[in-house]
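Below is one structure, written out as structure tokens; the observations come after it.
Proteins get letters first, then strands, A, B, ... in listed order; numbering begins at 1 in each. Heavy atoms only: backbone and side chains are in, while hydrogens, waters and symmetry mates are out.
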Amino acid sequence: MRDPLRPPMIHPTPRLRFAPSPTGPLHLGGARTAMYNWAAARAMGGTFLLRIEDTDQARSTDVSLQSILAGLRWLGIDWDEGPDKGGAYGPYFQMQRLAMYRATADRLLASGHAYLCYCTSEEIEAGRKQMEAQKVGFTGYNRRCRTLTAEQRTAFEREGRKPNVRYRMPDARVLQVHDLILGDVEVNTRDFDDWVMLRPDGVPLYNFACVVDDIGMQITHVVRGNEHFQNGIKQRLLFEALGAECPLYAHIPLILNKDGKKLSKRDADTNMLDYRDKGFPAEGVFNYIALLGWSFSGDRDVFSRDEMVAAFKIEGIGKSPSKFDDEKLRWMCGEYVRGWTPASLVDRARPWLAAPATQAQFSPQAARLHTLAAAGLELPAVPAHTFQFQAAWLQNVLACYQERIAILSELPGKLPWLFQAAPTMDAAAQKNLAKEPAAKEWLRALADVLAAGIAPPSYRPWLLEQDKSDVRKGADAAVVLPTKKDTAEPVCAFDTPARIEAQCRALVDRLGIKFGSFVHPVRAALTGTDKGPGLFDVVFLLGKETCVDRLRAIGNAP
RNA sequence: GUCCCGGUCGUCUAGUCCGGCCUAGGACCUCAGAUUUUCAUUCUGGUAACACGGGUUCGAAUCCCGUCCGGGAUACCA
């Protein structure tokens, strides 16, 4: 027996694979498995390939396959060989490799490692029931066909029975196996079944196809979910029977939900594309998933793909299952959103902002968004001309929300006050307006101050609904403002937030009131809520006419 | 039932292999404070864990045994 820690001589450079079965979309666990294989391959300068295990013909679909590939691409996990890329070790679909399985099964049959089994599923089930009744512990196939004579076989054949090919499990053999994550584990072959390798129709079962392909594709390291540990034992035996060196195995712990149960559809989005379509930053999701069972360092959680690759070691993956925590995922996403330039925020937010009619031109995700809208998500309503003619203004708007969102779909619900003729007043706003008896007087006073000042001209999308003659009306006057508070404001023909603040402070002094009590009703009148960007940013964004109108409308109301 | 694996703050984890630097570190959450025109951001500080019981040892989160709890496997799914 060779040293279990010595790198296999299967191939001069490491070759790792992600082998999904296209029976559903890419989910969290699969994404992580793919990621770890990918990272390990990249870290070792090896090859990462995709193999499609489509032998479950009843459940495999092309839709699922496409969804899996799209999910991987979205996460930035790329492969060197695979279904759409080809490669020297193809084909990469198991259903296209049937001849290899048949040939290998024949070899195993000839060498006595496998035998033909003519049992029907009813007979197998009856045998299992019987074993259970005997309470022997181990239950499984009763191995009736292990010792069939030639006469018995021909008799079955004459009955029209078609045989499965079964692996002949060695009797009570103790195996010491080494797992890169679990370490040394001892198992006994008597606890394993004589499992089916090949169906009568020539379609292989998982453990068999997996080994034939891992040999054929010269896989050196297998990183996969812990539910495959026992399969690994069966597979090692098969490698041995075929005289092939087996790869290094790493069985990673499962991801559980908050209750410690296996993650299911109800717990979180199991489809990676849902994260994409809801506006989770891919980098954030990638980063978070990487942390489920692996740590970059003792004191850092935020890292790039490249940094992960530079630091990744299979042996560094933890042994215990982790629970999925969507609060930390959200925080992680916020970290990335805040790190973007405002220009790139506009770019990324576009599909979530565009009015339904114009979404299609921005993103193929549009159709998906309508589904989300139907599911109750607030619909975005930024008209197309905003993107076209008010780019700088829009960028300023988004910059104001950059540190207030973590997921792009949170954006549209925060912006209506900028696009409606009059903001809808929420309860908090109404309260703030009613609190100070003199508030309406202040609003009128501020309206007069702004009317006399040179705040930027207002961009009023609601007016353009009626009059489309000049969509540039309400010019895109606003220069792009710096986002850092301590940076000097650029030269601007209009009043900047800083100058608006100075005017407000002067007014507050003149009125002889407290600044704080002044701000709240003003914010309410302007935005209809008690949350959002700084008040002077609000004025700057809304522009002179809109502010004056809104302040007077409420200031003069009875 | 049987076999295998796991068990450090509520959560993700560092430390475990090569026992002492661990009066157990970081992050999320939470709480308090600071900044501030709200919210958010940012900053400071706090609460909070070695599953339990036995060993071995001068000394154990780290090694050994047992218990308990959790998970996986036990398919003509993967």
Of the candidate nucleotides [options], which contains the atom at the shortest distance from the side chain of [X]?
X: Arg523(A); options: C3(B), A78(B), U38(B); result: U38(B)
X: Lys323(A); options: C12(B), U37(B), C29(B); result: C12(B)
X: Asp56(A); options: A75(B), A78(B), C3(B); result: A78(B)
X: Arg404(A); options: U37(B), C39(B), C76(B); result: C39(B)
X: Val185(A); options: U37(B), C5(B), G72(B); result: C5(B)
X: Trp331(A); options: U13(B), C5(B), C29(B); result: C29(B)
X: Arg505(A); options: C4(B), U37(B), A75(B); result: U37(B)
X: Asp325(A); options: C28(B), C3(B), A78(B); result: C28(B)

Interatomic distance where [atom1] belongs to [X] and [atom2] belongs to [N] [whole Å]:
X: His520(A); N: U38(B); atom1: NE2; atom2: P; value: 6 Å
X: Asp213(A); N: A78(B); atom1: CG; atom2: P; value: 12 Å
X: Phe229(A); N: G71(B); atom1: CZ; atom2: C1'; value: 14 Å
X: Met332(A); N: C29(B); atom1: CE; atom2: C1'; value: 14 Å
X: Arg51(A); N: A78(B); atom1: CZ; atom2: C1'; value: 11 Å
X: Asp299(A); N: C28(B); atom1: CG; atom2: P; value: 13 Å

Is the phosphate of [N] approached by [X] (side-chain N or O, under 4.0 Å from OP1 or OP2)?
X: Thr23(A); N: A78(B); answer: no
X: Ser322(A); N: U13(B); answer: yes
X: Arg300(A); N: U13(B); answer: no
X: Arg190(A); N: U2(B); answer: no
X: Lys328(A); N: U11(B); answer: no
X: Thr55(A); N: A78(B); answer: yes

Paired nucleotide for [N] [Watson-Crick or G-U wobble; both distances under 3.5 Å]:
N: G7(B); result: C68(B)
N: A73(B); result: U2(B)
N: A78(B); result: none
N: C43(B); result: G33(B)

So [X], base contact, sugar-phosphate only, or nothing? Heavy-atom distance under 4.0 Å.
X: Gly293(A); answer: sugar-phosphate
X: Leu205(A); answer: sugar-phosphate
X: Asn164(A); answer: base
X: Arg59(A); answer: base
X: Gly516(A); answer: nothing
X: Asn231(A); answer: base
X: Pro253(A); answer: nothing
X: His251(A); answer: nothing

Taking atom [atom1] in both [N] and [M], what distance in whole Å separates the two?
N: U13(B); M: U74(B); atom1: P; value: 25 Å
N: G15(B); M: C22(B); atom1: C1'; value: 8 Å
N: U62(B); M: G54(B); atom1: P; value: 14 Å
N: C63(B); M: G45(B); atom1: C1'; value: 38 Å
N: G20(B); M: C12(B); atom1: C1'; value: 28 Å
N: U16(B); M: C64(B); atom1: C1'; value: 15 Å

* For the pair Asn231(A) and Asn207(A), evaluate side-chain hydrogen bond (donor to acceptor under 3.5 Å, both in side chains) and give the outcome as yes or no after the intermediate values. => CA-CA 7 Å; Asn231(A) 287 329; Asn207(A) 284 301; 3.1 Å; yes

* Structure fact -> Result for side chain to side chain contact (heavy atoms under 4.5 Å, CB included) between Asn287(A) and one of Glu335(A), Met332(A), Glu307(A), Met308(A) points to Met332(A)

* To do: Check Val203(A), Val211(A), Asp213(A) against Tyr101(A) for a side chain to side chain contact (heavy atoms under 4.5 Å, CB included) and give me the one that passes.
  =>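 Considering Val203(A), Val211(A), Asp213(A), a side chain to side chain contact (heavy atoms under 4.5 Å, CB included) with Tyr101(A) is found only for Asp213(A).
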
* In terms of the nearest nucleotide of RNA chain B, which residue is placed more toward the 5' end: Phe138(A) or Lys319(A)? ->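 Residue closer to the 5' terminus by nearest nucleotide: Phe138(A).
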
* Between Asn226(A) and His251(A), a side-chain donor and acceptor under 3.5 Å -> no

* Worked check of salt bridge (charged side-chain N to carboxylate O under 4.0 Å, His left out) between Glu125(A) and Arg128(A) -> CA-CA 5 Å; Glu125(A) 189 50 36; Arg128(A) 187 194 320 279; 3.4 Å; yes

* Asked: Is any NZ, NE, NH1 or NH2 atom of the basic residue among Glu283(A) and Arg305(A) found under 4.0 Å from an Asp or Glu carboxylate oxygen of the other?
  ->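 Salt bridge absent between Glu283(A) and Arg305(A).
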
* To do: State plainly whether the residues Arg146(A) and Asp194(A) are in salt-bridge range, i.e. N to O under 4.0 Å.
  => yes

* Asked: Can Arg153(A) and Glu157(A) be said to form a salt bridge (charged side-chain N to carboxylate O under 4.0 Å, His left out), step by step?
  -> CA-CA 6 Å; Arg153(A) 273 201 296 273; Glu157(A) 296 277 359; over 6 Å; no

